[in-house]
Student: 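Let me give you the structure first, and then I'll get to my questions.
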Amino acid sequence: MKSLSGSHVFFVGLMLFSLFFGAGNLIFPPILGQQAGDSFTVAILGFILTGVGLPLLAVIAIALTGRDVQHLAGRVHPKFGILFAVIAYLSIGPFMGIPRVANVSYEMGMLPFLPEPFQANGWMLLVYTLAFFVLVYWLCLNPSKLVDRVGKILTPLLLLSIAGLFIAAMMNPLGEAQPAVQEYATSPGFKGFMEGYMTLDTIAALAFGIIVINAIRDQDVHDKRVITKATIQAAVIAGVGLSLVYAALGWLGVTSVTEFGYAKNGGQLLTLIVQKLFGQSGLILLAIIVTLACLTTCIGLVSACSQYFSTLFHRLSYNQVAFLTCVVGLLVANLGLNTILSVSVPVLLVIYPVAIVLIIMSLGHSLFGGRPSVYAGALIGTMLISLFDGLKEAKVPVELVTEWLKHIPLYKQGIGWVIPAIAGGIIGWLVGWIIGAIWNRGRAEAPASQYKD
């Protein structure tokens, strides 16, 4: 039985860290730090609990199954498994996640350096995204080299850039922590918890899990226990890395209030911080960090989509799917970031709670005997809430329903699906138990009736 070296597991973990760490992960913690102030420690722990913990559980769930998200969702029903997997991959892939990453890379990594007349020129976005996707496609051509290219090269560059920013801030602190504001003043832990939940990284984690498994298999390791153990170890390494980076970026926000006041968003705040610490050259450092973060995440998303769809549609090769994914991503990216966000957020609000419930149910699979009725009940309860959340975000008039939904516990906090999911799971268990009891009774009585005839 061949095992995996500790160094390779470490670099797989670095690869996974980099796949997760996109531009959104870069700008969330600083604004949290500003608003949490002297309650930062409690707030960042809440953020890490969901922003790191949920994606970590997703990778572990995939590792335990040894398969992909289709197999995980297929525990409800095989057709549902295909449907959910396709929706998830298209959402985080060419129609939403991938073009959004490319757009953010352009707006934070290139736009600040363009002369003002060119900043409103749509052709500049086209040229940039074309170059961006050509590079992504080239780096994705050989998925077996992702660990070497991302884990051993791009991730260390990303971490060194962030470390340089943090060390500079430590040596030249911008100010002291201020009192917490807004919801952080009353419930910093729960507010941080909800901010981590809204990163929506858990769906991407379901896709990245199979990349990690394949990276381990490429080392001629085929024993399921060894693969599962190595995947979980890599996930823990990525989780520790994400937690440290989130804490460092959040600390930058904590110390920035006296210098800059309260910023509108994390992107604006980071720009102000690097300009203060490094002058105009700091924008180059920020551009490097943002570009590397977006590039590595996009590589992971394209690779994950290509591996899945080339398996689902056997006539298409991995390279062909990767090319199509990049082309569609390029076209959608040029619609503009606001258009992409207006479509992607409602869809993600529908499928994100479903993904979380699937993961939790999978981890507790043996506790209820893996009954499909339990999965189905929990997911029906979840989707009854998440569907209306998505419609409301899409500005579809559902006020009458949402007014009623507000009476559900935790709905105002954004996780109103929790209680219906639990109730649906219990109902599903009871239905499964009753059907099983009737079935077993019928089988037990069958010989007697046959004998009687």
Side-chain angles (χ1 to χ4, degrees), residues 16 19-20 46-78 80-89 91-92 97 193-194 196-213 227-228 231-236 238-239 242 300-301 304 308 347-383 385-386 389 410 414-426 428-429:
L16 182 58
L19 299 184
F20 275 127
F47 181 88
I48 289 170
L49 186 63
T50 48
V52 178
L54 285 176
L56 193 67
L57 289 177
V59 175
I60 291 173
I62 295 294
L64 293 174
T65 64
R67 304 280 292 278
D68 55 18
V69 62
Q70 179 182 321
H71 177 77
L72 192 68
R75 288 175 167 175
V76 182
H77 189 278
F80 176 80
I82 296 173
L83 177 64
F84 180 80
V86 169
I87 292 174
Y89 276 109
S91 298
I92 63 171
F193 178 95
M194 290 306 303
Y197 166 77
M198 290 307 294
T199 61
L200 306 179
D201 278 344
T202 307
I203 301 174
L206 290 172
F208 293 155
I210 196 64
I211 293 181
V212 174
I213 291 173
I227 293 172
T228 300
T231 302
I232 293 174
Q233 289 173 335
V236 171
L242 286 169
L301 292 173
Y308 175 71
V347 175
L348 291 173
L349 283 176
V350 175
I351 65 174
Y352 191 56
V354 176
I356 293 175
V357 172
L358 270 175
I359 292 162
I360 295 172
M361 298 291 286
S362 177
L363 294 174
H365 185 77
S366 60
L367 296 177
F368 54 88
R371 285 192 176 100
S373 61
V374 180
Y375 278 98
L379 292 179
I380 290 171
T382 304
M383 290 188 68
I385 308 301
S386 67
D389 283 343
L410 301 176
I415 49 175
W417 51 268
V418 171
I419 301 301
I422 294 171
I426 293 171
W429 183 84

Student: How far does CE of M194 sit from CG of L410, to the nearest 0.5 angstrom?
Tutor: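 Taking CE in M194 and CG in L410, the distance rounds to 9.0 Å.
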Student: State whether the side chain of T228 and the backbone N or O of A63 hold a donor-acceptor pair below 3.5 Å, judged by distance alone.
Tutor: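 Between the backbone of A63 and the side chain of T228 there is a qualifying donor-acceptor contact (under 3.5 Å).
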Student: Nearest heavy-atom pair of G300 and L19: which atoms, and what distance?
Tutor: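 Here G300 and L19 meet closest at CA-CD2, 3.4 Å.
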Student: Specify the closest pair of heavy atoms between A205 and P55, including all atoms of both residues, with the distance to one decimal.
Tutor: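 Where A205 meets P55 most closely, the heavy atoms are CB-O, 3.5 Å.
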Student: Side-chain contact test, heavy atoms from C-beta onward, threshold under 4.5 Å: evaluate it for I62 versus H71 and give yes or no.
Tutor: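 No. Closest side-chain heavy atoms not under 4.5 Å.
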Student: Roughly how far, to the nearest 0.5 Å, is CD1 of I92 from CG of L301?
Tutor: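 Reported value, rounded in 0.5 Å steps: 5.5 Å.
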Student: Might you point out which heavy atoms bring L349 and S386 nearest each other, and give the distance in Å?
Tutor: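 Closest approach of L349 to S386: O-CB, 3.5 Å.
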Student: For V59 versus G209, what's the shortest heavy-atom pair and its separation?
Tutor: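 Shortest heavy-atom separation between V59 and G209 comes out as CG1-CA, 4.5 Å.
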Student: So do the side chains of I351 and S91 get within less than 4.5 Å of each other, counting heavy atoms only?
Tutor: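 They are in contact (side-chain heavy atoms under 4.5 Å apart), so the answer is yes.
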Student: Between atom OG1 of T50 and atom OH of Y197, what is the distance when rounded to the nearest 0.5 Å?
Tutor: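 It is 10.0 Å, given to the nearest 0.5 Å.
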Student: Any side-chain heavy atom of F368 sitting closer than 4.5 Å to one from S373?
Tutor: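 No. Closest side-chain heavy atoms not under 4.5 Å.
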Student: Can you name the closest pair of heavy atoms from V354 and V350 and give their distance?
Tutor: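 In this case the closest contact between V354 and V350 is CG2-O, 3.6 Å.
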Student: State which residue, out of D201, T202, D389, T382, fulfils the side chain to side chain donor-acceptor pair (under 3.5 Å) condition with Y352.
Tutor: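 Result: among D201, T202, D389, T382, T202 is the only option passing the side chain to side chain donor-acceptor pair (under 3.5 Å) with Y352.
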Student: Quick one: are L358 and Y375 in side-chain contact, heavy atoms under 4.5 Å?
Tutor: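 A side-chain contact exists here, since the closest heavy-atom pair is under 4.5 Å.
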Student: How many angstroms lie between atom CG of L242 and atom CD1 of I48, to the nearest 0.5 angstrom?
Tutor: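 These two atoms lie 9.0 Å from each other.
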Student: Between I385 and P420, what is the shortest heavy-atom contact and its length?
Tutor: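 Taking I385 first and P420 second, the nearest heavy atoms are CG1-CG, 3.7 Å.
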Student: Rounded to the nearest 0.5 Å, how far does CD1 of I359 lie from CD1 of I203?
Tutor: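 CD1 of I359 is found 9.0 Å from CD1 of I203.
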Student: Mind checking whether T65 and S362 have side chains closer than 4.5 Å, heavy atoms only?
Tutor: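 The answer is yes, as the side chains (C-beta and beyond) meet within the 4.5 Å cut-off.
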Student: Just wondering, do L363 and I60 contact through their side chains at under 4.5 Å, heavy atoms?
Tutor: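 They are in side-chain contact.
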Student: Just verifying a value: how many Å separate Q70 CD and L206 CG, rounded to the nearest 0.5 Å?
Tutor: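 The CG atom of L206 is 13.0 Å from CD of Q70, to the nearest 0.5 Å.
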Student: Given Y89, which partner from the list F208, F84, Y308 fulfils the ring pair (Phe, Tyr, Trp, His ring centres under 6.0 Å) test?
Tutor: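 Among F208, F84, Y308, the one that satisfies the ring pair (Phe, Tyr, Trp, His ring centres under 6.0 Å) with Y89 is Y308.
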